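Below is one structure, written out as structure tokens; comments come after it.
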Amino acid sequence: MGKANKQGNNPKRRVKVRVLNVLMILAGADLILLLSPGAGILNSLFFIPDIYTWPALGVGLLLLFAGLRDLYREEGGAP
């Protein structure tokens, strides 16, 4: 049987999640869900002109991709 690594002898690095990126992902996803043209939640309840929905969809996608870009950060440890 293999020998289990001890806690102090673990060569894996810890990974931290950046809070600002998580908030950017949530804001982008909310914009997409609420204001996407033809299928958004607010569009199904109210009439919202396309002049507002298409830019909101674009901003939501940009926030989503920007938040996913550097979401994880490695914490220092054994190389």
Side-chain angles (χ1 to χ4, degrees):
M1 282 200 337
K3 187 176 178 183
N5 286 340
K6 294 181 182 177
Q7 283 291 85
N9 196 16
N10 198 352
K12 291 183 183 177
R13 291 183 178 210
R14 291 185 61 193
V15 177
K16 281 193 167 185
V17 177
R18 295 181 182 192
V19 176
L20 181 63
N21 289 31
V22 172
L23 292 176
M24 287 173 46
I25 291 170
L26 288 174
D30 284 342
L31 278 175
I32 292 171
L33 284 173
L34 290 174
L35 295 173
S36 60
I41 295 171
L42 287 179
N43 263 348
S44 65
L45 296 175
F46 307 110
F47 173 72
I48 300 174
D50 285 342
I51 196 167
Y52 299 117
T53 57
W54 285 106
L57 180 66
V59 169
L61 286 173
L62 285 175
L63 282 172
L64 198 64
F65 291 136
L68 287 173
R69 204 179 82 192
D70 290 329
L71 181 62
Y72 299 110
R73 174 179 47 173
E74 287 190 17
E75 193 174 288

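Here the structure is a predicted model, which is why all the values come from computation and not from measurement.
- The hydrophobic cluster containing V19 does not contain M24, counting ILVMFWY residues as joined when their side-chain heavy atoms lie under 4.5 angstrom apart, directly or transitively.
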Distance-only criterion, 3.5 Å: show the donor-acceptor pairs between side-chain atoms of residues 63-71 and protein atoms not counting sequence neighbours.
none

With a 3.5 Å cut-off and sequence neighbours excluded, list the donor-acceptor pairs that the side chains of residues 38-50 form with protein atoms.
from	atom 1	to	atom 2	distance (Å)
N43	ND2	S36	O	3.1
S44	OG	I41	O	2.7

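- V59 is connected to L35 through a chain of hydrophobic side-chain contacts under 4.5 Å among Ile, Leu, Val, Met, Phe, Trp and Tyr, so both are in one cluster.
- Linking Ile, Leu, Val, Met, Phe, Trp and Tyr whenever their side-chain heavy atoms come within less than 4.5 Å puts Y52 and L31 in one cluster.
- Hydrophobic clustering keeps L20 apart from Y72 (ILVMFWY residues linked when any side-chain heavy atoms are closer than 4.5 Å, directly or through intermediates).
- Residues I32 and I25 are members of one and the same hydrophobic cluster, defined by side-chain heavy-atom contacts under 4.5 angstrom among Ile, Leu, Val, Met, Phe, Trp and Tyr.
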